[in-house]
Peer 1: 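I am attaching a structure below and will ask some questions about it afterwards.
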2 protein chains.
Amino acid sequence: MLLSFAEENYLKTIYHLSLKEGKGISNNSISEILNTKPSSVTDMLKKLSNKKMIHHVKYYGVNMTEKGRKEALNIVRKHRLWEVFLVEKLKFNWDEVHEIAEQLEHINSQLLIEKLDEFLGFPSVDPHGDPIPNQLGEIIIKKQISLSQALHDVTLTIVGLKETSPNFLKYLDKMGVYIGCKITILEKIEFDGSMEIRLENKKTITISEVVSNNILITE
Amino acid sequence: MLLSFAEENYLKTIYHLSLKEGKGISNNSISEILNTKPSSVTDMLKKLSNKKMIHHVKYYGVNMTEKGRKEALNIVRKHRLWEVFLVEKLKFNWDEVHEIAEQLEHINSQLLIEKLDEFLGFPSVDPHGDPIPNQLGEIIIKKQISLSQALHDVTLTIVGLKETSPNFLKYLDKMGVYIGCKITILEKIEFDGSMEIRLENKKTITISEVVSNNILITE
DNA sequence: AATATATTTTAGATTTACCTAAAATATATT
DNA sequence: AATATATTTTAGGTAAATCTAAAATATATT
Ligand SMILES: [Mn+2]
Ligand SMILES: [Mn+2]
Ligand SMILES: [Mn+2]
Ligand SMILES: [Mn+2]
């Protein structure tokens, strides 16, 4: 089904809100994210309802149909694949790519996106550690926990950060820690909560509890 | 200056028509290319005139301002760089990329396009042999002539085709001839106008006058 | 030069995606 | 439970980009 840019942005927003807020998304929350007025949201919900993308009960909330979820996940897929392209191939920093991906996610060509996927080596996560849905609209959401809460002697993948201040990013850069890198926890120091970890390149570094608290991992 | 997609498409069309038809572009020719009605063209010309992108004299024709030409050439630059990306990196055939580039040319990020340019190795022509304007809106248009009219004993580059039927494309593919390839003319046969040429890989092939007529080259 | 034909513009509508202000409804507070 | 507050919807309006039909102007033909 062919959707306008505006329709795609509303669907994507409803999808993201559904993940956080569960069921019954409010017009207010949608309008805040999209910088529109709640009355404009009502208008669009009518359109998306007619197109069977959502269920909308007046004065209550919005829920996605399976059809709408598939569409939303396809846009998310495109967004995240383009982000990988921008970082991996064009050497953007991972904090510069979101706005451009907001535009690229609306490019309409299934063949393009499958070829891009292949060109990128079928990545499973984007530069922010978020999972990339497949063609069928399936997505594997691994729950992310703080590195500080992880068990030792396991090999883990860093998939995200709680804090993203330039200072923190520079520090991680200097230590050779980046999103997507695999690490092994060697020891946890009870005394101050610091942690000794081994990087992929066999280097061993020590990080404070403040740092390990702000690093998200999956097993 | 920020332009809408529609404004960008009109500007680009006026630019392309200016190259072919010289001065005083007609509303009719614009409407034919964009599949709109001449009255819609009149409306848009008013907008572009207000934005100082074109000069428009009622009932006469349209001419581009320097400002408009720069904008148009930036869109052409983006279009052609994306076409190179699609063919060189994503392995599209060169006859499949135009429609996708029509979308990608509207993505708005100067940094993106300069990084893409670098990633592609600063190409000077697109997959159809058309020159890529630089950041400053400068473009080197080499005049293209038929291979049949070329002098012998010179090394030439194939930059385009007059005919693009699938049969002709398949024939060229089989012979190892493609856009961008360098050839040397060894001999022209007076008798039937056929021609012996050497390809980059040192192979020598013979082509008929019908074929050499439909191949465009620059020196 | 007068007339016929083609092109361009104007006038008035339509659709999409927004808006504001006011009415309807739901939720929170006393 | 009644009232106050917050949310959502409706009603009516705007701007962009299109359209059709008719008027204005330019170009071609006799
Ligand atoms: Mn993003
Ligand atoms: Mn992301
Ligand atoms: Mn093209
Ligand atoms: Mn091209």
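Everything numeric in this text was worked out from a predicted model, so none of it was measured. We name chains A, B, ... by the order of the sequence lines, and we start the count at 1 in each one.
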Peer 1: Send over the distance from Leu48(B) CG to dA16(D) C1', rounded to a whole Å.
Peer 2: 13 Å
Peer 1: Students often mix this up, so state it plainly: with edges at 30° and 60°, are the rings of His79(B) and His98(B) parallel, tilted or perpendicular?
Peer 2: tilted
Peer 1: Using atom NE2 of His56(A) as one end and atom C1' of dT25(C) as the other, report the distance to the nearest whole Å.
Peer 2: 13 Å
Peer 1: Closer than 4.0 Å, any side-chain N/O of Asn28(B) to the OP1 or OP2 of dA6(C)?
Peer 2: no
Peer 1: Examine distances only and state if a side-chain atom of Lys115(B) and a backbone atom of Lys91(A) form a donor-acceptor pair shorter than 3.5 Å.
Peer 2: yes
Peer 1: Counting the atoms with a prime plus P, OP1 and OP2 as sugar-phosphate, which does Asn35(B) contact under 4.0 Å by heavy atoms, base, sugar-phosphate, or nothing?
Peer 2: sugar-phosphate
Peer 1: Rounding to a whole Å, what distance do you find between Lys46(B):NZ and dT9(C):C1'?
Peer 2: 7 Å
Peer 1: Only pairs with both distances under 3.5 Å count, Watson-Crick or wobble alike; so what is the partner of dA22(C) in this structure?
Peer 2: dT9(D)
Peer 1: In whole angstrom, what separates Asp43(A)'s CG from dT15(C)'s C1'?
Peer 2: 13 Å
Peer 1: Could you check how far CG of Asn27(A) sits from C1' of dA24(C), rounded to whole Å?
Peer 2: 14 Å
Peer 1: Check the distance between dT16(C)'s P and Asn9(A)'s CG and give it to me in whole angstrom.
Peer 2: 17 Å
Peer 1: Whole angstrom is fine here: how far is it from NZ in Lys37(B) over to P in dT10(C)?
Peer 2: 19 Å
Peer 1: In Watson-Crick or G-U wobble terms, both distances under 3.5 Å, what is the partner of dT14(C)?
Peer 2: dA17(D)
Peer 1: Specify whether Trp82(B) and Phe85(A) have parallel, tilted or perpendicular ring planes, treating 30° as the upper limit for parallel and 60° as the lower limit for perpendicular.
Peer 2: tilted
Peer 1: Between the main-chain N or O of Thr65(B) and the side-chain N or O of Lys52(B), is there a donor-acceptor pair closer than 3.5 Å?
Peer 2: no
Peer 1: Given that Tyr59(A) and Pro38(A) both sit by DNA chain C, which one's nearest nucleotide is further toward the 5' end?
Peer 2: Pro38(A)
Peer 1: Is any N or O donor-acceptor pair between the side chain of Ser39(A) and the base of dT8(D) shorter than 3.5 Å?
Peer 2: no
Peer 1: Under a 3.5 Å cut-off for both distances, is dT29(D) Watson-Crick or wobble paired, and to whom?
Peer 2: dA2(C)
Peer 1: Is the phosphate of dA24(C), meaning OP1 or OP2, less than 4.0 Å from a side-chain N or O of Lys58(A)?
Peer 2: no
Peer 1: Counting side-chain heavy atoms from CB outward, which of dT10(D), dT9(C), dC19(C) is closest to Thr42(B)?
Peer 2: dT9(C)
Peer 1: What is the separation between atom CD1 on Ile25(A) and atom P on dT8(D), rounded to the nearest whole Å?
Peer 2: 11 Å
Peer 1: Looking across every strand, which nucleic acid part, if any, lies under 4.0 Å from Phe5(A) by heavy atom: base, sugar-phosphate, or nothing?
Peer 2: nothing
Peer 1: So, OP1 or OP2 of dC18(C): does either fall under 4.0 Å of a side-chain N or O from Ser40(A)?
Peer 2: no
Peer 1: Within the pair Tyr60(B) and dA26(D), is there a side-chain N or O less than 4.0 Å away from OP1 or OP2?
Peer 2: yes
Peer 1: Check whether any side-chain N or O of Thr13(A) sits under 3.5 Å from a backbone N or O of Ile30(A) as a donor-acceptor pair, and report yes or no.
Peer 2: no
